[in-house]
Amino acid sequence: MTVLKTSLRNFLAHKGRMALSAVAVLLSVAFVCGTLVFTDTMTATFDKLFGATASDVAVVPQKNDHAQDTGRPQTLPASLAGRLAKVRGAAKVQPLVSSQRLTLTDADNESLSPSSGAPTVGVNWHEGQKKSVEITSGHEPHGAGEAVLDKDTADKHHVKMGDTLRVTTAPGDFSVRVVGIATYRTTNPGAAVVYLDTPTAQAKLLGTTGACTGFGLTAASGITHDQLKKNVTSAIGTDYTVRTAAETKKENEKDFGSVLDVLKYALLGFAGIAVLVGIFLIVNTFSMLVAQRTREIGLMRAIGSSRRQVNRSVLTEALLLGVVGSVLGIGGGIALAVGLMELMGSLGMKLDLGELTVKPATPLVGLAVGVVVTVLAAYLPARRAGKISPMAALRDAGNPADAKAGKIRTAIGLVLTGAGAAALVAAGNADDAAGGSGLLALGVLLTLVGFVVVGPLLAGLVVRVISAVVLRVFGPVGRLAERNALRNPRRTGATASALMIGLALVAALSVVGSSMIASATEQLDRSVGADFIVDGNNGPLTPAMIRAVKSAGHVEHVTEYAVVQARITTPDGKTGDQRLTAASPTYADDVRAGTVAGELTAAYGKDAMSVPEGYAKDHGVKVGDRLKVAMVDGRTAELKVGAITSDDTSIDKGAMYTNIATARQYLPADRMPPPLMMLAKAKDGQADEAAAALKAALKDYPQLKVRDQADYKKLIKDQVGQLLNMIYGLLALAIVVAVLGVVNTLALSVVERTREIGLMRAIGLSRRQLRRMIRLESVVIALFGALLGLGLGMAWGATAQKLLALQGLGVLDIPWPTIGTVFLGSALVGLLAALVPAFRAGRMNVLNAIATD
């Protein structure tokens, strides 16, 4: 009880000094709990949606990952409905039609597709739809030319009753008039949904009234879902996938959960980085508090407190800090989850706050993270406190006992750093990307830990160099700041290490991102001869679109590019599923793929193809060999190998080329995949006119983008930049916690040096000089952390680029402007972090400071 009272008294006496550590715990726990609450809410919301839309028993096509992508969904014969209606226990059979391969445009030719990346879905209206939506305006679609639109899409794009919409699908374009608005009963998954009557959905979305994408069966009274499934399977055989409502729900949850898990674990990973950085802050806080209470602890030991009691007292303070920070963090996490739900709402996915899900495990996880991390971080300072002897009561307090890093610590740090550097070198020289990735991960871990352990030694060296460049111009005040930073190398190293971790990751990702952009740009310049690329935003091009592209003026030639699924048998007798790049012969000029044998133009001859270098080595394929190529859903061809392409590329790496006419020869017209994109070459000196002509020809198709090489380079840069900015935003949490560590270290350092500050003020140091000294000390610590972090991060990034080079991304590009901006920004961060501690130091009363014991 005495230990608890002492701990509580000390905690309350130093609550101001504990505040920033508590904020670090709060932020880390909030990020963890916010992630869990948000993903649990998403899961619960979609579970409810999946449960509302599932039929008692559903019959759908068997999944085939190697089917031809014709732009239409896989289907079942509509005649199957008659057989299903005779199944014992089936009260009702509902044909289902659904397609996500369409584009919606309004009367102004503006796309209604979600900007969030969610699909645009066309479905048939039936009674089952009423379980998930209700028509709040107008009526159901009755016949061709009528449609119902979901309310969120209608509101977002100002679509009203009676408006005409154009639907673009693989079978062709058609127009509909909005006769109803449907509002979700559960949640809007973010998709744009258009409802059609069943015959129209079949004809327009699937291209035939003789097919459906599935059937939903309603069980008769007294028949369980499992019984009905068994009866259906007995009646129609095993050529189809039959699921109960529970199985359909589970399958949807599995697909959705796999996507959500990626987000969940990514966010928890960034939370883990913040927790790691927070550990440095907590260690520093308790180390400094123990040092400042050296005399007090010595007195406690002198009057009979045991080492165990002193140790327990410090750990109890850490426990109190962890509990307070964690409880606040749990509340902050719930608020963060609500904010994320509002953000998703702005992107089109309406999540009801009434569905907010806080599982009992979530606050327990938050408490466990906050309390365990805090107590573990305080363990070493607590051990040091327990070792303080009663004689310490006779010495001045506040003199750190660890002014120099121990030789053993230094040796361990150097060994770890050396081993990590060796692993990075080995990763950079690896011939296999998978093995190299493992070495890279090991190298990152070892060098990071090594730099943290050897931080005090590096502080003594690097801080002197930085000070010589930055601080000496400030005269005696700069020298005082340097000596303050060097006074306790372990403390300086720990404070800088927290900042180092975040900046190392920023630097590494910057190098990787910049190298990817530079490599892709170099590949485009070297390999792409086409002037324009026309693509449908990952969707297939319809015949009308193809005709529009080919009709554009000022164009020398147009190349079609499609992907065909096939099974290929090689001379060694092995058969495997492969993808053939079926393109017009002009593709050889539009994308100049290097060859190690033969000529690429030969691959576009009659009954010819190419294979990539690695495939040829693995299967003993040579130029002139004939391969048996069985087109999926088509006939089998014997194609002659006209070329073996080089693997030293990132564009079409591993592609097998053939003439698109060859693919059409062996595939029925309705099974031939439409082009995914087209390339165009302008006539000499008419590039601007050709660009204008292409855009004019495609004005009715806003989903199509016409890009020249400069546009494509910008697209790549923007996509990589958006990803990096998102990651930087998440890493900002760790950097904020690191900055709090700098603030806390300086604040506690000012308290520790109260008497010293009073003496300096007494002998003539002005308040302005005092504040400048503390600011300069903060700046040099921040620059030290930035120098270590940026150097380490660039080494990680350069090694990662060596592995990317095995995938064809062979250009190493160091983004010096970004690195320089981060380095200078670190100085600004250090300056801002010192404002409050410097202000408090400047306000000290000189006599009171001198009298402080």
Side-chain angles (χ1 to χ4, degrees), residues 277 279-292 294 377 380-381 383-385 387 396-418 447-472 478-501 503-504 738-739 741-753 756 773-792 826-827 830 833-834 837:
V277 172
I279 289 174
F280 289 97
L281 193 162
I282 296 165
V283 169
N284 257 7
T285 299
F286 279 95
S287 294
M288 296 181 75
L289 288 175
V290 167
Q292 290 168 20
T294 300
L380 288 178
R383 281 193 63 197
R384 290 193 208 112
K387 291 179 180 180
D396 286 338
N399 294 329
D402 56 349
K404 293 185 178 180
K407 292 182 179 180
I408 296 178
R409 176 190 175 110
T410 300
I412 293 173
L414 291 174
V415 169
L416 289 173
T417 304
T447 51
L448 178 61
V449 176
F451 265 50
V452 170
V453 175
V454 85
L457 174 64
L458 295 175
L461 300 173
V462 178
V463 168
R464 284 187 173 87
V465 175
I466 295 174
S467 300
V469 177
V470 177
L471 301 185
R472 296 298 169 82
R479 288 183 178 274
L480 284 171
E482 176 186 355
R483 289 174 183 175
N484 286 334
L486 292 171
R487 174 181 300 193
N488 191 328
R490 179 174 289 180
R491 180 194 305 166
T492 299
T495 304
S497 292
L499 193 59
M500 175 191 75
I501 295 171
L503 296 185
V739 172
V742 177
V743 175
N744 213 24
T745 298
L746 291 173
L748 292 171
S749 180
V750 166
V751 174
E752 182 182 279
R753 304 196 310 250
E756 174 189 322
M773 178 189 74
I774 294 172
R775 289 196 298 267
L776 291 175
E777 179 185 352
S778 177
V779 168
V780 80
I781 292 173
L783 288 178
F784 171 48
L787 200 61
L788 295 186
L790 295 176
L792 196 57
S826 300

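Computed from heavy atoms alone, side chains included, the values below leave out hydrogens, waters and symmetry copies.
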(Q) What's the separation between atom CD1 in Ile781 and atom OG1 in Thr492, rounded to the nearest 0.5 Å? (A) 4.5 Å
(Q) Let me confirm one number: the OG-CG distance from Ser497 to Leu788, rounded to the nearest 0.5 Å. (A) 7.0 Å
Q.
I need the single residue from Asn744, Thr495, Val742 that forms a side chain to side chain contact (heavy atoms under 4.5 Å, CB included) with Asn284. Which is it?
A. Thr495
(Q) Using every non-hydrogen atom in the two residues, find where Val743 and Ala833 come nearest and quote the distance to one decimal. (A) CG2-O, 3.3 Å
Q) Does the pair Thr447 and Leu792 meet the rule for a side chain to side chain contact (heavy atoms under 4.5 Å, CB included), with working shown? A) CA-CA 8 Å; Thr447 51; Leu792 196 57; 3.8 Å; yes
Q | Stepwise side chain to side chain contact (heavy atoms under 4.5 Å, CB included) check, Leu471 with Arg479 | A | CA-CA 7 Å; Leu471 301 185; Arg479 288 183 178 274; over 6 Å; no
Q | Closest non-hydrogen atom pair, Ala496 against Phe784 | A | CB-CD2, 3.3 Å
Q) Is there a side chain to side chain contact (heavy atoms under 4.5 Å, CB included) between Leu480 and Glu777 once you walk through the steps? A) CA-CA 8 Å; Leu480 284 171; Glu777 179 185 352; over 6 Å; no
Q: Please name the pair of heavy atoms, one in Ala485 and one in Val463, separated by the smallest distance, quoted to 0.1 Å.
A: CB-CG1, 4.1 Å
Q) Once you round to the nearest 0.5 Å, how far does OG1 of Thr745 lie from CG of Asn488? A) 10.0 Å
Q) In Å, rounded to the nearest 0.5 Å, how long is the span from CG of Leu486 to CZ of Arg464? A) 5.0 Å
Q. Should we count CZ of Arg483 as having more than 12 external heavy atoms under 6.0 Å?
A. no
Q: Working to the nearest 0.5 Å, report the span between OG of Ser826 and CG of Leu503.
A: 4.5 Å
